[in-house]
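Below is one structure, written out as structure tokens; the observations come after it.
First the proteins, then the strands, lettered A, B, ... as listed; each starts at 1.
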Amino acid sequence: MLWSTLFIPTLREVPAEAEVISHQLLLRAGYIRQLSAGIYNYLLLARRSLLKIEQIVREEMNAIGGQEMLLAALHPAELWQESGRWQVMGDNMFRLKDRFGRDLCLGMTHEEIVTSIARGELRSYKQLPQIWYQIQTKFRDEPRPKSGLLRVRQFIMKDSYTFDLDAKGLDIAYDKHHAAYCKIFDRCGLEYIDVEAHSGAMGGSESHEFMIASDAGEDFVVRCQNCGYRANLEKAVSRASEPLAADLDGNFEPEQFHTPDQKTIADLAQFTNLPETSQMKSLAMVVDKKPVLIMMRGDHQLSETKLAAVLHATELRPAHPQEIVEWFGASAGSLGPVGVNNMRVLADDALKGRRNLITGANRDDYHLRNVTPGEDFRPEYFDLRQAASGDACPNCGSPLEIVKAIEIGHIFKLGYKYAESMGLRVLGEDGKEITPIMGSYGIGIERILTCAIELYHDPDGMALPASIAPFSVVITPVNYREPLQREAADLLYAECTRAGIDALLDDRDERPGVKFKDADLIGIPYRVTIGKKLNEGKVEFGERRTRASEEVLLHGALAHLQKRLGLPVT
RNA sequence: CGGGGCGUAGCGCAGCCUGGUAGCGCACCUGCCUUGGGCGCAGGGGGUCGCAAGUUCAAAUCUUGCCGCCCCGACCA
């Protein structure tokens with residue numbers, strides 16, 4: 001395409017509202033413009049890049065037998081009421097009414113829709129398995145859109161859904177997706193981490209996330225550099241460090257002592273001269289409207305995700321101060337498990353086998369010493385602890401690290417949740433009804449672009465992987481008015497076009513500096529500069545990412561480019 | 001939804017405290033000039049100062065309300 005005819009509104013300065021790099025560059029490079037909070041228009045460059053990403057996704061999904069569909073974006077409330085998610089999704093769902101007052105919503109995901117198609121049409125085991133997918137816009141009324149295209153209210157997603165006869169079939173579909181996702185992210189030039197994840201409000205059992213390590217991310221990944229263990233922080237298992245002080249041995253009775261104004265674990269550690277690892281933290285939570293007391297080692301953090309998982313809870317919050325006083329007769333700084341019998345008491349596994357610890361006395365300004373879990377109170381033990389950096393790897397014992405990351409893909413084994421609640425059944429070989437088992441697999445299309453920018457940029461702009469850049473090459477005649485340069489540039493451009501390479505010819509009447517700056521900014525992977533060496537028949541071939549450049553003959557430029565792009569030389 | 005910040009030309013900002021009818025840089029238009037890293041010179045166009053009400057002879061400036069955007073938190077397949 002000819003640059004002089006295109007709308008590529010590059011900016012010299014960074015718009016004030018952009019905080020993260022990818023957002024700044026997307027705006028500066030003229031890829032996107034904001035319409036409203038979390039809602040963006042994708043201009044030419046973004047559109048081209050996103051189309052390339054979609055095409056890679058499409059090819060890999062087709063390769064595992066996926067069938068592309070285009071599903072409705074506007075959904076009747078009834079479907080979501082059937083699955084129960086009309087309620088569950090709460091304010092995250094965009095809702096509207098039609099002229100007759102019927103409730104509708106904008107699709108945030110399509111489990112209900114594919115299930116509704118399947119239950120009307122799939123009748124026999126012979127029709128399974130099925131892999132259906134779509135690449136289209138989804139809507140979520142995010143409470144706080146932010147970071148450019150990272151957290152938005154309208155975005156493109158590839159979602160696939162699988163239907164299988166049994167768990168074994170689902171395993172196959174799941175593994176196929178896992179493999180396809182690896183190929184997709186490889187082809188997009190991204191270094192990803194696939195982690196075990198929690199399946200959240202989707203329901204279901206096994207789940208993996210594909211993450212890109214980045215400071216712009218909102219998720220945390222725990223990983224072991226030694227053995228390769230990796231997991232979402234919400235799910236990560238780790239070995240806690242040893243307590244800093246040995247427990248007092250022996251059978252002692254809990255003993256109350258006065259602790260004026262000692263509210264936090266740190267206060268108590270100082271006051272009692274015993275480390276945080278010898279303290280027990282008492283957390284009053286409200287889980288599905290019922291109070292629960294959680295006991296943790298003093299220096300440990302509760303993972304609310306793990307808590308929700310073990311209790312199969314949908315709603316979970318810390319108790320309000322008034323509730324705490326009502327249930328415990330004391331306020332938050334002095335809570336403890338001894339004598340509590342009006343609620344479930346849970347304890348983290350790290351408290352198993354500990355003896356004679358310190359915890360609250362359920363009386364303001366008093367604590368108890370010599371409290372032994374399992375003797376002085378009988379908790380239900382679970383793994384409730386959030387992994388922390390420095391914890392030991394559960395597999396090999398090496399120290400774990402925690403990195404910030406952006407989620408770009410998520411695969412789930414859904415199980416029977418939707419098939420059951422929405423009445424999807426087929427007849428099996430023996431003539432009996434079978435409920436198919438489902439899987440659901442998403443990829444955030446814009447996030448691939450965003451992550452590529454976060455990963456690959458320098459002070460001059462983006463340096464996109466060739467597979468997803470809006471153009472493969474930019475041809476830059478230093479002075480397009482110069483007839484020889486023009487002739488050479490036009491020739492190379494025509495050659496590229498004939499060879500099926502996306503070339504951008506910078507035919508603008510601009511000074512070379514402007515053209516170079518713009519080319520760098522928009523991140524085209526290769527640039528052929530046509531200038532002073534043309535009288536020797538040579539042009540300059542440059543690589544954006546590395547800044548490496550070499551002189552090649554004009555007549556060999558196309559072949560050189562094809563080689564670098566991994567294409568057959570024509 | 002809680003806390004904070006910002007809203008003045010397409011972009012970045014000053015002016016606001018101390019009220020007197022809007023300015024700078026970049027971008028844009030015209031002409032000349034220049035052509036290997038956002039040239040130079042000259043001329044020019046563009047703003048109901050987020051919206052509304054109030055105070056005042058007079059409001060970008062003071063007061064109140066609303067709206068929008070950004071950041072932190074809560075939230076988040």
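Among rC69(B), rA77(B), rG37(B), the nucleotide with an atom closest to any side-chain atom of K138(A) is rA77(B). Closest contact between the side chain of N92(A) and the listed nucleotides rG36(B), rG37(B), rC76(B) involves rC76(B).
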Pairs under 3.5 Å (N/O, protein and nucleotides 27-30 of chain B):
{"from": "rA27(B)", "atom 1": "OP1", "to": "R12(A)", "atom 2": "NH2", "distance (Å)": "3.1"}

Would you tabulate the pairs of protein nitrogen or oxygen atoms and nucleotide nitrogen or oxygen atoms of nucleotides 2-11 of chain B closer than 3.5 angstrom?
{"from": "rC11(B)", "atom 1": "O2", "to": "E13(A)", "atom 2": "OE1", "distance (Å)": "3.4"}

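Nucleotides rC26(B) and rU61(B) place their P atoms 29 Å apart, quoted to the nearest Å. Across rG19(B) and rG54(B), the matching C1' atoms stand 15 Å from one another, rounded to whole Å. Taking atom C1' in both rU55(B) and rG65(B), one finds a spacing of 15 Å when rounded to whole Å. rG5(B) and rA77(B) have their C1' atoms separated by 32 Å, with the value rounded to a whole Å. Taking atom P on both rC16(B) and rU63(B), the two are 14 Å apart, rounded to the nearest angstrom. The same atom, C1', is picked in rC71(B) and in rG15(B); the two are 25 Å apart, to the nearest Å.
At a threshold of 4.0 angstrom between heavy atoms, the contacts of D460(A) with the nucleic acid are absent.
For the segment residues 524-538 of chain A, residues with any heavy atom less than 4.0 angstrom from an atom of RNA chain B are, sorted by number, R527(A), T529(A), G531(A), K532(A). Listed in residue order, the members of residues 149-160 of chain A having a heavy atom less than 4.0 Å from RNA chain B are R151(A), M157(A), D159(A). Annotation: proximity of residues 511-519 of chain A to RNA chain B (heavy atom, distance under 4.0 Å) is found for R511(A), P512(A), G513(A), V514(A), F516(A), K517(A), D518(A), numbered in ascending order.
Following rounding to the nearest Å, K146(A) (NZ) and rC75(B) (P) show an atom-to-atom distance of 13 Å.
Dashed line: the shortest gap from a side-chain N or O of T476(A) to OP1 or OP2 of rG36(B) is not under 4.0 Å. Put simply, Q485(A) has no side-chain N or O that comes within less than 4.0 Å of OP1 or OP2 on rU35(B).
Sorted by first and then second residue, the side-chain hydrogen bond (donor to acceptor under 3.5 Å, both in side chains) pairs involving residues 14-27 of chain A (not counting sequence neighbours) are S22(A)-E454(A), H23(A)-Y40(A).
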